[in-house]
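First up is the structure itself, then whatever we jot down about it.
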There are 2 protein chains.
Amino acid sequence: MATSDNDSPPVYREIADTLREEIRSGRLSDGARVPGENDLMKQYGVARATARQALSVLINEGIVVAIRGSGIYVRAFRPLRRHGPRRLSRALWGSGRAVWQADAPDGDFETDSIEVGEVPAPGYVAKALGLAEDTLVVRRHRRYRLGGRPMQLATSYLPAKLAAGTAIAEADTGPGGIYARLAELGRAPAHFTEEIRVRMPTPDEARELRLSPGTPVMDVLRTALTAEHEAVEFNEMTLDGSAYVLQYDFDA
Amino acid sequence: MATSDNDSPPVYREIADTLREEIRSGRLSDGARVPGENDLMKQYGVARATARQALSVLINEGIVVAIRGSGIYVRAFRPLRRHGPRRLSRALWGSGRAVWQADAPDGDFETDSIEVGEVPAPGYVAKALGLAEDTLVVRRHRRYRLGGRPMQLATSYLPAKLAAGTAIAEADTGPGGIYARLAELGRAPAHFTEEIRVRMPTPDEARELRLSPGTPVMDVLRTALTAEHEAVEFNEMTLDGSAYVLQYDFDA
DNA sequence: TAGTGGTCTAGACCACGGT
DNA sequence: CCGTGGTCTAGACCACTAT
């Protein structure tokens, strides 16, 4: 049989569906071993490629992970809650705590691979900051980890006119982070707007965030405005979609 | 050669990387035709399965779509902006417009496959509404389309004690939708909390939303509270990730 | 060393789309 | 009709993990 019966789903889909149901129902729980290629070949009497195709469906859905030389395992989802408004409350960074520390349940968030420099603003950055294209901006790129696990990449841009020569342009921005520094400059952020998109990661992002196949990322684009509605920061974040739940509270 | 040279990426990855760069750079633009299986076999001298594997990488990244009998094409991303706070302002549903109509640029949003009924509250719903598990709730499930294209699935739950026997339990809830009805019952929503997760869709969702492979979805879980902080609605939405950008504005 | 997943070849038949 | 992508078989060699 080169193909399956008329109008019935392809074999690899039926195998994938069966396995998915095993997982969804909890008969195969988090971390449990899933039947591998050889098992499926025997159980269903299919060729190697067909068994692989079935497994690749589940891998691309992000519900199982393949570990080379070992087997296929059910994947868990234990996200971190990132509370939009609360984490950016003035009280927080006013108290010397950096914004991103609010997300950590036990404060073991770390940053690494920090790059700081001045660059001409790309078009969308200039637009967000209300500047002419190619105006100089301070660019801060870093990666955040929690317990060694990479969680997000972030790049923020601030007008060089404002930030150049200040601690904002240093690797270590001091207590309270860049928002505390902006406040000292008389430009305390008062309003924020965050924009969220989902997509599959680029291979570079997948490597930097150590994403397993089938994991989407969230892009969070935040613009910080002063009380006078002057844009003082644009922050472009890429979050591991399997690691975060975002929360926003607001009134009618 | 059964495999590629030592430590170099597999052939299918190199082909995928090349094509991805063609797309990223704009040499292949939105909607353009991408070299197909037969093209890749000739150009790179590889077997069918290898060419397919290269293309499947891009398909799973959501950057190309395969059209049977026709070819492979670069995919476009033109999302709708869904503005969290603004769309739920009291002025809106107070004026007889339903909440979801706020998202449509030209008002041609439609709902279909509406199901309304009373069910025992599942655990997470009961928790969100502050009810005991299995307390009766009114359940409203529907699908939203824009210009014929399915955009999101939504299921809302309201305490049956509140909503049973009212227009809320009807397919057509009347002008202003369920929020206007809640206001008439003296339970106008005053606070909202939205929670956002991202993941790959289930096959059912992919079918209902007509998602092409490689498209993630966003889950938006919203709880509506009265001024007295009584939970009056829990709404579980699943959005086509390629169709939406979410926006939230808030103050420091 | 035995077993696992990862890559690849060389074929085959099918369903669908546009000419 | 021919070319496209979709499914499937039957092999092969490799790299890695666990024992």
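Keep in mind the model is a prediction, meaning the values are calculated, not measured. Every chain is numbered from 1 and lettered A, B, ... according to where its sequence line falls, protein lines coming before strand lines.
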Nearest listed nucleotide, side chain of B/Tyr12, among C/dG17, D/dC8, C/dC8: C/dC8
By salt bridge (charged side-chain N to carboxylate O under 4.0 Å, His left out), which residues pair with A/Glu205, not counting sequence neighbours? A/Arg199
Classify A/Arg33 by what it touches in the nucleic acid, base, sugar-phosphate, or nothing, heavy-atom distance under 4.0 Å. sugar-phosphate
Which whole-number value in Å describes the distance from A/Glu37 CD to C/dT7 P? 10 Å
Within residues 40-48 of chain B, find the residues that approach DNA chain D with a heavy atom at under 4.0 Å, and present them sorted by residue number. B/Arg48
The criterion is salt bridge (charged side-chain N to carboxylate O under 4.0 Å, His left out); which residues satisfy it with A/Arg33, sequence neighbours excluded? none
Residues in salt bridge (charged side-chain N to carboxylate O under 4.0 Å, His left out) with B/Glu22, at least two apart? B/Arg27
Check whether any side-chain N or O of A/Thr50 sits under 4.0 Å from OP1 or OP2 of D/dT9, and answer yes or no. yes
Report the residues that fulfil ring-ring contact (aromatic ring centres under 6.0 Å, His included) with B/Tyr248, sequence neighbours left out, ordered by chain and then residue number. A/Tyr248
Using a 3.5 Å distance criterion without hydrogens, assess whether the side chain of A/Asn60 forms a donor-acceptor pair with backbone atoms of A/Val57. no
Those residues that, when tested against B/Glu170, pass side-chain contact (heavy atoms from CB on, under 4.5 Å) (two or more places apart): none
Of all residues at least two apart in sequence or in a different chain, which pass the side-chain contact (heavy atoms from CB on, under 4.5 Å) check with B/Met237? B/Arg82, B/Gln152, B/Ala154, B/Val220, B/Arg222, B/Asn235, B/Leu239
Within residues 199-216 of chain A, which residues have any heavy atom lying less than 4.0 Å from an atom of DNA chain D? none
B/Asp112 with B/Arg143: basic N within carboxylate O range, under 4.0 Å: yes
Going by salt bridge (charged side-chain N to carboxylate O under 4.0 Å, His left out), name the pairs with one or both residues in residues 234-244 of chain A, residues two or more places apart or in two chains. A/Arg149-A/Asp240
Over how many whole Å does the gap from A/Gln53 atom CD to C/dT7 atom C1' extend? 15 Å
Atom-pair distance (CZ on A/Arg52; C1' on D/dT7), nearest Å: 16 Å
For residues 64-74 of chain A, which side-chain N or O atoms pair as donor and acceptor with protein atoms under 3.5 Å away, sequence neighbours left out?
residue : atom : partner : partner atom : Å
A/Ser70 : OG   : A/Tyr73 : OH           : 2.7

With sequence neighbours excluded, residues passing ring-ring contact (aromatic ring centres under 6.0 Å, His included) with B/Tyr44: none
Among residues 56-69 of chain A, which residues get a heavy atom nearer than 4.0 Å to DNA chain D? A/Arg68, A/Gly69
NA contact type, B/Ile72, heavy-atom cut-off 4.0 Å: base, sugar-phosphate, or nothing? sugar-phosphate
Atom pair distance, as rounded to whole Å: CG in A/Asp39 and P in C/dA2: 19 Å
So, is B/Asn38 close to the D/dT4 phosphate, meaning a side-chain N or O under 4.0 Å from OP1 or OP2? yes
